[in-house]
Amino acid sequence: MTPLTSFAVSPEGIRFETQESGEDVVLFLREHPIVLVPTVLLVGLLAIAPILIFPFLLHFLALPVEIPPGYFIVGGAFWYVVTFGVAIMGFLRWYFNIYIVTDRRIVDIDFIHLLYKEFSEAHLDKIQDISFKSGGIFAAFFNYGDVFVQTSGAIPEIEFLAVPKPGKVVETISQLVEKHKGDD
């Protein structure tokens with residue numbers, strides 16, 4: 001498994017902070033990498049804007065004063081720092097939003113920003129219904145979709161958004177739930 005893996009079955013060496021002893025990870029999921037395309041396009045546009053768009057705009061805008069060259073340097077540096085921040089936040093949101101299915105429960109860890117995350121879990125015996133939704137040309141071509149897990153616990157629904165192979169995820173969770181019910 002590579003650091004950028006978005007779908008792994010029975011991955012070796014995966015641990016998470018609330019994992020219990022003897023609990024095995026069955027599925028490790030992230031959003032499909034295709035969801036990064038809008039962020040990449042935005043960062044690309046932001047990267048070329050000072051070079052192509054701003055000189056074009058300044059040429060056609062009649063400003064009453066002349067802007068000193070130092071202001072362009074400081075403004076450009078600030079622009080690229082913000083662009084880098086947009087790129088890093090988009091990647092970190094994708095990288096740290098993970099979904100884990102173990103032999104005992106499902107876990108949803110949502111990275112909101114650098115200092116805040118949400119952790120949701122549902123034990124297999126609390127799962128009532130599992131479904132998925134996959135719509136659109138990109139979702140069909142790249143085989144990704146949203147998985148919805150209805151529970152009878154404190155959190156009524158856990159969502160795995162834009163995960164690869166949603167049908168396989170639903171099938172795996174269903175098999176684990178049936179196996180868990182059979183063990184009881």
Side-chain angles (χ1 to χ4, degrees), residues 1-40 42 85-136 138-184:
M1 186 170 126
T2 68
L4 302 179
T5 298
S6 61
F7 183 90
V9 177
S10 300
E12 294 293 324
I14 294 294
R15 304 255 338 130
F16 57 98
E17 61 188 328
T18 63
Q19 188 170 0
E20 299 166 359
S21 63
E23 184 176 23
D24 295 322
V25 175
V26 177
L27 284 178
F28 175 84
L29 305 163
R30 282 191 184 101
E31 291 181 327
H32 195 287
I34 197 72
V35 302
L36 289 172
V37 169
T39 302
V40 169
L42 175 63
V86 167
I88 289 295
M89 285 307 298
F91 176 76
L92 290 177
R93 188 198 60 74
W94 174 81
Y95 187 79
F96 287 113
N97 278 356
I98 59 174
Y99 314 110
I100 299 172
V101 178
T102 73
D103 57 349
R104 299 180 190 170
R105 61 190 168 150
I106 60 173
V107 178
D108 177 7
I109 302 171
D110 292 326
F111 176 81
I112 307 302
H113 53 74
L114 288 175
L115 301 175
Y116 184 74
K117 68 179 175 183
E118 290 181 2
F119 182 90
S120 305
E121 70 175 15
H123 288 273
L124 294 177
D125 59 347
K126 301 286 187 197
I127 294 176
Q128 294 179 330
D129 187 41
I130 310 160
S131 62
F132 76 92
K133 176 177 66 172
S134 181
F138 285 111
F141 185 75
F142 292 105
N143 191 17
Y144 71 93
D146 302 334
V147 175
F148 303 99
V149 180
Q150 299 285 333
T151 70
S152 62
I155 300 168
E157 183 173 80
I158 294 180
E159 300 175 338
F160 293 178
L161 301 177
V163 294
K165 305 174 187 174
K168 177 130 175 85
V169 173
V170 168
E171 178 184 330
T172 302
I173 295 172
S174 295
Q175 289 172 351
L176 287 169
V177 168
E178 290 302 317
K179 181 180 175 201
H180 187 73
K181 286 180 181 175
D183 291 342
D184 290 340

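Of all heavy-atom pairs spanning Thr151 and Ala122, the tightest one is CG2-CB, 3.5 Å. Of all the heavy atoms in Phe111 and Leu92, the pair that sits closest is CD2-O, 3.7 Å. Listed here is the closest heavy atom pair of Pro3 and Arg30: O-NH1, 3.1 Å. Between Gly90 and Thr39, the closest heavy-atom pair is CA-CG2, 4.1 Å.
Using the six-membered ring where Trp is involved, Phe91 and Trp94 have ring planes that are tilted, between 30° and 60° apart.
Every residue two or more places apart in sequence or in another chain that forms a side-chain contact (heavy atoms from CB on, under 4.5 Å) with Ser131 is listed here: Phe148. Here Glu17 pairs with Lys117 under the salt bridge (charged side-chain N to carboxylate O under 4.0 Å, His left out) rule; sequence neighbours left out.
Surrounding CD of Glu20 are more than 12 heavy atoms belonging to other residues, nucleotides or ligands, all under 6.0 Å away. Remark: Phe119 CZ is packed, more than 12 non-hydrogen atoms of other residues, nucleotides or ligands lying under 6.0 Å away.
The CD1 atom of Ile100 lies 5.0 Å from the CZ atom of Phe16; values are rounded to the nearest 0.5 Å. Atom CG of Asn143 is separated from atom CZ of Phe138 by 15.0 Å, given to the nearest 0.5 angstrom. Between the CD1 atom in Ile130 and the CD1 atom in Ile158 there is a gap of 11.0 Å [rounded to 0.5 Å]. From Lys126, atom NZ reaches atom CD1 of Ile106 across 13.0 Å, with rounding to the nearest 0.5 Å.
Counting only heavy atoms from C-beta outward, the side chains of Arg105 and Glu23 approach each other to under 4.5 Å. Counting only heavy atoms from C-beta outward, the side chains of Ile34 and Val37 approach each other to under 4.5 Å. Between Phe28 and Thr102 the shortest side-chain heavy-atom distance does not fall below 4.5 Å. Val25 is listed as a side-chain neighbour of Gln19, based on a closest heavy-atom distance under 4.5 Å. For the pair Leu27 and Val9, the minimum side-chain heavy-atom distance is below 4.5 Å.
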Without placing hydrogens or testing angles, list every side-chain donor-acceptor pair under 3.5 Å for residues 159-177, not counting sequence neighbours.
unit_1, atom_1, unit_2, atom_2, d
Thr172, OG1, Lys168, O, 2.8
Ser174, OG, Val170, O, 2.9

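With Asp103 contributing its side chain and Asp24 its backbone, the two residues share a donor-acceptor pair below 3.5 Å.
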